[in-house]
Amino acid sequence: MIKIAICDDEKDDRKEIYKLIRQHEISTQEEYHIELFESGEHLLESGFRPDILVLDIIMSERDGIQIGEEIKSHYSGTIIIYITSISDKMSEAINRIHSFGYLIKPIVEKDLFRIMSDAVEQVQRSNTVQYVTFLSENKSVINLAVTDIYYFEYINRKIKIVTKDKTYTCIQERISDIAVKMQPYGFAMSHQSFVVNLYQVEAISEQMLLIKNGNKIYLAQKRASTIRKQLMQIAKQ
């Protein structure tokens with residue numbers, strides 16, 4: 001089920017968008033859970049975490065750009081589709097919030113259907129769990145969800161795999177080979193002894209990466225520029 005939030009301070013506009021999205025749900029035979037909000041504050045206070053947020057830019061309280069920025073800080077994976085009657089605000093929304101797209105009021109059904117189809121497809125791709133396997137030091141097979149892995153560390157001629165739940169040790173792997181194996185999933189070699197999941201990086205400094213579990217790992221100076229660019233690209237997604 002795909003979770004969708006509609007946030008617009010105009011009641012009639014909320015109802016019209018809701019009706020169109022329900023029609024899209026029927027036409028595609030998808031299953032949506034839709035919540036309506038009359039302000040950004042109500043959305044933030046609700047704790048509802050949408051996969052897709054249809055958000056009006058011009059509202060009577062905080063505007064949609066401010067709300068979108070806060071939503072992204074909490075739920076980086078939320079896809080934001082802006083709606084507005086003032087097109088000159090769109091460059092700010094796209095450049096500052098990296099929105100998925102926008103619709104101009106009055107909303108045309110075919111335009112909403114097109115952008116909703118693209119957004120739903122992206123949600124479905126991101127929700128597909130991918131697994132990788134390694135051989136542990138006791139010769140058992142380790143099958144791990146890519147998103148659960150924080151980083152790999154080469155230490156004492158073995159590879160330590162740090163995940164959300166526990167730490168594993170594997171053998172018969174070189175850190176450079178792991179870097180190549182994991183690169184398609186958003187991993188990068190930050191140092192000759194580390195391969196890190198860039199989606200699990202909380203912050204970056206000159207010589208360290210702060211991981212979302214609180215650990216710090218080394219960042220080699222010669223790799224820092226490339227890692228920064230990759231992290232910026234991820235932030236735009």
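Remember, predicted model here, so these are calculated numbers, not experimental data.
For the atom pair CD1 (Ile81) and CD1 (Ile107), the distance works out to 9.5 Å, reported to the nearest 0.5 Å. In this structure, CG on Leu55 lies 12.0 Å from CG on Leu103, to the nearest 0.5 angstrom. Remark: Gln23 CD to Glu109 CD distance equals 5.0 Å, nearest 0.5 Å. Interatomic distance, CG of Leu43 versus CG of Leu36, reported as 11.0 Å (0.5 Å rounding). For the atom pair CD1 (Ile6) and CD1 (Ile21), the distance works out to 4.0 Å, reported to the nearest 0.5 Å. Note: Ile155 CD1 to Ser193 OG = 8.5 Å, rounded to the nearest 0.5 Å.
Summarising the geometry of Gly68 relative to Tyr82, their closest heavy-atom pair is CA-OH, 3.6 Å, with the distance given to 0.1 Å. Across all non-hydrogen atoms, the minimal contact from Ile67 to Glu41 is CD1-N, 4.3 Å. Shortest non-hydrogen contact noted between Leu209 and Ser190 is CD1-CB, 3.8 Å. Listed here is the closest heavy atom pair of Thr163 and Lys166: OG1-O, 2.7 Å. In this structure, Tyr150 and Lys212 approach most closely via the heavy-atom pair CE2-CB, 4.3 Å. The two atoms that bring Arg22 and Glu25 nearest to each other are NH1-OE1, 2.7 Å, heavy atoms only.
For the pair Lys181 and Phe134, the cation-pi criterion (under 6.0 Å, within 45° of the ring axis) is fulfilled.
Each of Ile57, Ile58, Asp8, Leu112 was compared with Ile83 under the side-chain contact (heavy atoms from CB on, under 4.5 Å) criterion, and only Asp8 meets it.
Using a 4.0 Å cut-off between charged side-chain N and carboxylate O, Glu16 and Lys19 make a salt bridge.
Between the side chain of Asn156 and the backbone N or O of Lys158 there is no donor-acceptor pair closer than 3.5 Å. A donor-acceptor pair is defined here as one N or O able to donate and one able to accept, closer than 3.5 Å; no such pair exists between the side chain of Gln122 and the backbone of Ala119. Counting only distance, with no hydrogens or angles, the side chain of Glu137 and the backbone of Tyr168 share no donor-acceptor pair below 3.5 Å.
A centroid separation of 6.0 Å or more is found between the aromatic rings of His191 and Tyr151.
Taken together through direct or relayed side-chain contacts under 4.5 Å among Ile, Leu, Val, Met, Phe, Trp and Tyr, Phe194 and Ile178 form parts of separate hydrophobic clusters. Residues Phe187 and Ile211 are members of separate hydrophobic clusters, defined by side-chain heavy-atom contacts under 4.5 angstrom among Ile, Leu, Val, Met, Phe, Trp and Tyr. Cluster membership for Ile175 and Val196, using ILVMFWY side-chain heavy atoms within less than 4.5 angstrom, is not shared. In the hydrophobic clustering of ILVMFWY residues, with side-chain heavy atoms under 4.5 Å counting as a link, Ile4 and Val123 come out together. Residues Met189 and Tyr199 fall into different hydrophobic clusters, defined by Ile, Leu, Val, Met, Phe, Trp and Tyr side chains chained together at heavy-atom separations under 4.5 Å.
By the 4.5 Å heavy-atom criterion applied to side chains, Tyr218 and Met208 are counted as neighbours. By the 4.5 Å heavy-atom criterion applied to side chains, Leu44 and Ile71 are counted as neighbours. Counting heavy atoms from C-beta outward, Gln183 and Val180 have side chains that stay 4.5 Å or more apart. Inter-residue side-chain proximity for Arg62 and Ser39 is flagged as unmet; no heavy-atom pair is nearer than 4.5 Å. A 4.5 Å side-chain heavy-atom check between Tyr185 and Val132 finds at least one atom pair inside the cut-off. For the pair Phe100 and Asp118, the minimum side-chain heavy-atom distance is below 4.5 Å. In this structure, the side chains of His33 and Phe48 come closer than 4.5 Å at one or more pairs of heavy atoms.
Enclosure of atom OH in Tyr32 by more than 12 non-hydrogen atoms of other residues, nucleotides or ligands within 6.0 angstrom is indicated. The neighbour count for Gln124 CD, taken as heavy atoms of other residues, nucleotides or ligands under 6.0 Å away, is above 12. Within a 6.0 Å radius of CG in Asn143, more than 12 heavy atoms belonging to other residues, nucleotides or ligands are found.
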Next on the checklist: Between Ile161 and Thr169, is the side chain to side chain contact (heavy atoms under 4.5 Å, CB included) condition met? List the steps.
Outcome noted: CA-CA 6 Å; Ile161 310 174; Thr169 301; over 6 Å; no

Checklist entry - Do Val162 and Glu153 pass the side chain to side chain contact (heavy atoms under 4.5 Å, CB included) test, and can you show the C-alpha distance, the side-chain angles, and the key distance before you say yes or no? => result CA-CA 8 Å; Val162 179; Glu153 180 182 3; 5.7 Å; no

Next on the checklist: side chain to side chain contact (heavy atoms under 4.5 Å, CB included) for Leu210 and Lys216? Distances and angles first, verdict last.
Outcome noted: CA-CA 5 Å; Leu210 175 63; Lys216 294 180 180 180; 4.0 Å; yes

Checklist entry - Hey, mind stepping through Glu69 and Lys72 against salt bridge (Lys or Arg N to Asp or Glu O under 4.0 Å) and telling me if it holds? => result CA-CA 5 Å; Glu69 198 166 35; Lys72 280 290 190 180; over 6 Å; no

Checklist entry - Between Cys7 and His42, is a side chain to side chain contact (heavy atoms under 4.5 Å, CB included) present by the stated rule, with each step listed? => result CA-CA 9 Å; Cys7 185; His42 288 163; over 6 Å; no

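A search for side chain to side chain contact (heavy atoms under 4.5 Å, CB included) contacts involving Ala188 returns Leu198, Ile227, Gln230, not counting sequence neighbours. When the salt bridge (charged side-chain N to carboxylate O under 4.0 Å, His left out) test is applied to Lys3, no partner is found at least two apart in sequence or on another chain.
Side-chain atoms of Asn138 and Ser136 include a donor-acceptor pair closer than 3.5 Å.
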